J.: 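Got a structure here, written out as structure tokens. Questions coming.
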Amino acid sequence: MPAAMKLISVNLLRLFETTEGADLGKEFRSRLFPRKALIYSPSDEVDRVFIVKRGRLRVYLSYGDREFTLALLEAGDIFSTHTRAFVQTLQETELLVTDTATFQKRVSEIPEVSQAMVKVLGELLKNSLSTIEGLVFKDARLRLIEFLATAAADRGKPGNGGITVELGLNTEDIALLVGTTRQTISTIMNDLIKAGIIEKIDRQTICVRRFDELTAWKDSL
Ligand code: HEM
């Protein structure tokens with residue numbers, strides 16, 4: 001797949017050298033940026049579309065000290081400045097830049113341009129989905145740990161070298177209660193078992209071996 005994608009990218013730059021692409025090419029101005037430069041921020045008012053002529057860039061979201069990379073751009077890739085993302089150069093980079101309005105007037109004439117847009121937006125979507133998954137998963141972790149800690153504190157009895165709790169619920173019931181899938185519950189439970197924090201006694205009974213660590217884990221999420 002990446003090889004095929006690359007063909008599309010290279011075509012977009014070559015396109016400007018063909019007669020049909022030359023007119024569109026005239027609308028773009030070249031701009032050079034040094035390495036590690038923050039070239040666009042969401043707060044910028046400019047509304048431009050750019051094509052990477054050479055170099056590499058990173059498209060990312062940033063909240064406080066946390067960052068999520070949404071896409072890496074390379075030669076032939078196309079992107080815009082009207083998004084909530086930051087754009088930073090990873091190495092010295094040359095961009096071909098035009099106004100979004102100018103670009104819009106011409107874009108429908110040339111199918112290669114939409115193909116290049118689909119490539120970048122596809123990558124952006126893929127990374128956004130992974131970010132969402134991570135956030136949802138983390139949420140489920142917190143909710144499951146809270147559920148287990150409360151059950152142990154309220155209904156647990158000493159035994160099996162810790163606090164033994166008859167949950168009276170199978171994985172599916174817990175998933176419904178916590179608001180996630182059975183698979184997610186199994187993954188998190190297995191993590192807790194591997195870490196020696198809980199032990200499975202039978203299908204519906206667990207032993208919390210290290211209650212302090214269970215709550216400490218919760219606080220670290
Ligand atoms: C034909 C030219 C284009 C027009 C008229 C256009 C127009 C728009 C508009 C109206 C929005 C919604 C903005 C908002 O919610 O405030 C948008 C969002 C967006 N556009 Fe474009 N766009 C164009 C080209 C591009 C290109 C070339 C790319 C990248 C390949 C792109 C990527 C995006 C992304 C990622 C968003 C979502 C922004 C966000 O919510 O953070 N656009 N565009």
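These numbers come from a predicted model, not from an experiment. What you see below is based on every heavy atom in this structure, not just the backbone, and it leaves out hydrogens, waters and symmetry mates. Atoms within each ligand, like the ligands themselves, are counted from 1 in listed order.
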J.: Can we say R56 and E74 salt-bridge, meaning some charged N sits less than 4.0 Å from an Asp/Glu carboxylate O?
T.: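 Yes.
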J.: Between ligand 1 and the protein, which N/O pairs fall short of 3.5 Å?
T.:
residue	atom	partner	partner atom	Å
ligand 1	20 (N)	H82	NE2	3.0
ligand 1	22 (N)	H82	NE2	2.8
ligand 1	40 (O)	R84	NE	3.2
ligand 1	40 (O)	R84	NH2	2.7
ligand 1	41 (O)	R84	N	2.8
ligand 1	41 (O)	R84	NE	3.0
ligand 1	42 (N)	H82	NE2	3.0
ligand 1	43 (N)	H82	NE2	2.8

J.: Is it the case that T184 and T181 place a side-chain donor and acceptor less than 3.5 Å from each other?
T.: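 There is such a pair between these side chains.
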J.: Consider only side-chain N and O atoms of N160 and T164, and report whether a donor and an acceptor are under 3.5 Å apart.
T.: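 Distance-only check passes for N160 and T164.
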J.: Answer yes when E109 and R106 have at least one side-chain N-carboxylate O distance shorter than 4.0 Å, and no when they do not.
T.: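 Salt bridge flag = yes for R106 with E109.
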J.: Do you see a donor-acceptor pair shorter than 3.5 Å between the side chains of T205 and D202?
T.: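 The criterion, which ignores hydrogens and geometry beyond distance, is satisfied for D202 and T205.
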J.: Check whether Y60 forms a cation-pi arrangement with R58 (NZ or CZ under 6.0 Å from the six-membered ring centre, at most 45° off the ring normal).
T.: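 Geometry flag: set, cation within 6.0 Å and 45°.
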